[in-house]
Amino acid sequence: MQQTTAEKILSQHTGQLQKAGDLIITHVDGAMATDTTAPFALKAFKEMGGGKVWNPDKCALIIDHAAPAPNERIANLHHLMRQFAKEQGIRLFEIGEGICHQVMVESQYVRPGNVFIGADSHTPTYGALNAFACGVGSTDLAAVFKTGKIWLKVPQSIRIICNGKLQKGVTAKDLILFLVGKISISGATYQSVEFEGEAFENMTLASRMTIANMVAEMGGKVGFVHPKGLQLDYEFEAVFPDSGAHYLQTFEFDVSNLEPQISAPESPDNVENIGPHEGTDIDYAFIGTCCNGRLEDLQIAAKILKGKRIAPGVRFVIAPASKSVMLDAITDGSLQTLIEAGAAIINPGCGPCVGTHQGVPGNGEVVISAANRNFRGRMGNPNSNIYLGAPATVAASALEGQIVNPQKYLL
Amino acid sequence: MIQGIAHVYGDNIDTDRIIPGKYTKTLDVSLLANHVLEDLDPEFRHKVQKGDILVAGDNFGCGSSREQAPIALKEAGISIVIAHYFARIFFRNAINIGLPVLEVPKHDFQAGDEVRINIQAGTIKNLRSGKEFTATPLPKVMIDILHEGGLVSYLKKNQTYSL
């Protein structure tokens with residue numbers, strides 16, 4: 001039988017040939033929860049009978065969503081996580097170490113060919129390195145911590161082929177926004193999304209993570225960026241889909257003329273070319289998140305802002321995706337450039353993306369953000385409007401005080 | 001058998017609208033219920049009665065993995081959520097916390113309709129129009145989890161899954 005990547009990885013894990021639609025119970029290679037999902041997960045774990053987690057080396061807790069704690073209620077939830085990690089001997093990634101998805105990849109908790117379960121909806125990000133990684137809620141995660149297993153339906157797969165090379169100044173974020181716009185917020189519901197084609201082949205791991213990350217905004221269960229061209233710091237065996245595998249649908253695009261993209265309020269799939277949005281005044285620019293808080297994202301922003309100042313009246317918040325990203329951006333001078341240009345750097349973590357702290361927009365304010373979601377109220381105020389774009393677009397818009405096409409700064 | 005009054009909303013109701021992220025960091029479920037759906041319909045939490053039914057269109061519960069979303073609805077008194085279809089994490093989360101969810105590709109519900117649901121049979125009747133709709137069948141493992149009142153009780157009893 002010719003298999004998709006999802007079918008292949010799940011077959012390898014169960015020791016049986018699996019096809020789309022099959023219900024399976026599989027062991028997992030790793031699992032994690034954050035400070036949004038862990039408190040309920042730890043409560044459920046205890047209620048299930050408690051005891052020891054199935055394998056402490058494969059479980060992780062990350063304090064990233066509201067880190068450091070903005071109030072006593074959240075401080076006490078963090079305390080529960082620290083206590084649990086200590087009791088169980090599992091690793092807790094402290095405040096400032098970074099966003100769950102970034103640190104799972106950097107610390108090699110997840111590797112190619114793995115089945116990984118994360119209590120966060122952007123877990124499909126690890127499809128960038130060829131892992132079957134899907135998001136769950138707290139109780140499912142508690143069950144994984146306890147049993148090392150999960151029940152799943154083997155997903156149907158769709159394939160998105162992108163031919164051509166992206167123009168200068170057009171990045172992975174523009175491509176995935178374009179694709180989310182085409183597929184829609186629900187177009188890949190329950191499905192595995194496989195990306196392949198020339199446009200992905202030269203992408204860095206960081207860019208591949210940006211692509212796989214927004215599978216969540218298509219409703220997808222997991223996503224895979226074709227491993228052709230994938231480079232990691234360690235030896236790995238990639239899982240390739242079979243050439244005759246069955247796809248529910250195949251989409252094919254020539255992306256060689258793709259322009260920078262904008263997702264307008266208030267759904268990530270409300271995507272258009274940047275043109276009609278150019279000139280929209282902004283109050284607040286943000287670069288960070290599991291989608292676009294990596295070194296290349298800070299570097300492109302620094303390139304645009306080198307020796308310049310952001311527009312008066314605009315504030316610019318940057319949250320590096322991890323401590324390691326932050327250190328690299330210090331070493332190469334990007335952070336200094338950005339600070340000199342007027343950016344406020346906050347600690348690695350989810351920052352203002354989840355509307356809890358570190359930069360909630362005011363009433364009527366307009367945000368240009370490199371995040372992955374712009375639902376109403378997402379950043380903590382339902383009376384603000386969030387536009388999503390690539391880090392280059394965010395930096396150029398901060399510079400001019402309005403949404404602008406960044407390509408002129410990247411020639 | 002569940003019978004209740006329907007509150008009807010549209011497509012793509014995301015979890016930020018069900019329970020905004022700023023309220024999710026708590027174990028106090030009453031706090032979640034106090035803010036349920038507030039950015040979609042600020043009146044909802046005042047008008048919802050115990051046993052009421054939430055009806056939506058496509059892709060209900062898209063967005064974040066926060067289990068606080070179905071918890072908020074359940075705690076506010078919602079007895080079941082019916083939608084054309086659900087976002088997958090919300091769907092699992094609801095079943096896992098013992099909140100029934102059924103997918104009905106087409107329905108004619110309007111706000112205030114009285115609805116009678118037989119979860120086992122997967123039938124949903126609109127007592128106003130007299131029309132009956134059939135839900136997409138749930139996998140056995142989900143029916144079993146729901147039967148036990150959620151995944152915590154299910155695993156406590158069975159230790160592992162059976163399909």
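Residue numbers start from 1 in every chain, and the chains themselves are labelled A, B, ... in the order their sequence lines are given, proteins ahead of strands.
A:Ala216 does not touch chain B: none of its heavy atoms, backbone or side chain, sits under 4.5 Å away. The parts of B:Val152 that come within reach of chain A are both its backbone and its side chain, each placing non-hydrogen atoms under 4.5 angstrom from that chain. Contact of A:Leu23 with chain B is made through backbone and side chain together, with heavy-atom distances under 4.5 Å. With a threshold of 4.5 angstrom between heavy atoms, B:Leu40 does not approach chain A through any atom at all. Neither the backbone nor the side chain of B:Ile95 comes within contact range of chain A; no heavy atoms are under 4.5 Å apart. Heavy-atom distances place both the backbone and the side chain of A:Ile150 under 4.5 Å from chain B.
Here A:Cys134 is the residue among A:Cys134, A:Gly118, A:Ala41 with the most heavy-atom pairs under 4.5 Å with chain B. The greatest number of non-hydrogen atom pairs below 4.5 Å with chain B, out of A:Ala44, A:Gly135, A:Pro268, A:Gly219, is found for A:Gly135.
Partners of B:Ala94 by side chain to side chain contact (heavy atoms under 4.5 Å, CB included), not counting sequence neighbours, listed by chain and number: B:Pro70, B:Phe90, B:Leu99, B:Val101.
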Hey, what donor-acceptor pairs show up under 3.5 Å between chain A and chain B?
{"from": "A:Thr36", "atom 1": "O", "to": "B:Gln68", "atom 2": "NE2", "distance (Å)": "3.0"}
{"from": "A:Arg73", "atom 1": "NH1", "to": "B:Lys25", "atom 2": "O", "distance (Å)": "2.4"}
{"from": "A:Gly135", "atom 1": "O", "to": "B:Arg88", "atom 2": "NH1", "distance (Å)": "3.1"}
{"from": "A:Gly135", "atom 1": "O", "to": "B:Arg88", "atom 2": "NH2", "distance (Å)": "3.3"}
{"from": "A:Gly137", "atom 1": "N", "to": "B:Asn93", "atom 2": "OD1", "distance (Å)": "3.2"}
{"from": "A:Ser138", "atom 1": "N", "to": "B:Glu67", "atom 2": "OE1", "distance (Å)": "2.9"}
{"from": "A:Thr139", "atom 1": "N", "to": "B:Glu67", "atom 2": "OE1", "distance (Å)": "2.8"}
{"from": "A:Thr139", "atom 1": "N", "to": "B:Glu67", "atom 2": "OE2", "distance (Å)": "3.3"}
{"from": "A:Thr139", "atom 1": "OG1", "to": "B:Glu67", "atom 2": "OE1", "distance (Å)": "3.4"}
{"from": "A:Thr139", "atom 1": "OG1", "to": "B:Glu67", "atom 2": "OE2", "distance (Å)": "2.4"}
{"from": "A:Asp140", "atom 1": "OD1", "to": "B:Arg92", "atom 2": "NH2", "distance (Å)": "3.4"}
{"from": "A:Asp140", "atom 1": "OD1", "to": "B:Asn96", "atom 2": "ND2", "distance (Å)": "3.0"}
{"from": "A:Asp140", "atom 1": "OD2", "to": "B:Arg92", "atom 2": "NE", "distance (Å)": "2.7"}
{"from": "A:Asp140", "atom 1": "OD2", "to": "B:Asn96", "atom 2": "ND2", "distance (Å)": "3.0"}
{"from": "A:Trp151", "atom 1": "O", "to": "B:Arg92", "atom 2": "NH1", "distance (Å)": "3.0"}
{"from": "A:Trp151", "atom 1": "O", "to": "B:Arg92", "atom 2": "NH2", "distance (Å)": "2.9"}
{"from": "A:Ser186", "atom 1": "OG", "to": "B:Tyr85", "atom 2": "OH", "distance (Å)": "3.1"}
{"from": "A:Tyr190", "atom 1": "OH", "to": "B:Phe86", "atom 2": "O", "distance (Å)": "2.8"}
{"from": "A:Tyr190", "atom 1": "OH", "to": "B:Glu103", "atom 2": "OE2", "distance (Å)": "2.6"}
{"from": "A:Glu266", "atom 1": "OE2", "to": "B:Arg17", "atom 2": "NH2", "distance (Å)": "2.3"}
{"from": "A:Thr356", "atom 1": "OG1", "to": "B:Lys25", "atom 2": "NZ", "distance (Å)": "2.9"}
{"from": "A:Arg373", "atom 1": "NH2", "to": "B:Gly63", "atom 2": "O", "distance (Å)": "3.3"}
{"from": "A:Arg378", "atom 1": "NH1", "to": "B:Asp16", "atom 2": "OD2", "distance (Å)": "3.1"}
{"from": "A:Gly380", "atom 1": "O", "to": "B:Lys22", "atom 2": "NZ", "distance (Å)": "2.9"}

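Scanning both residues, B:Leu155 and A:Ala143, for their nearest heavy atoms gives CD1-CB, 3.3 Å.
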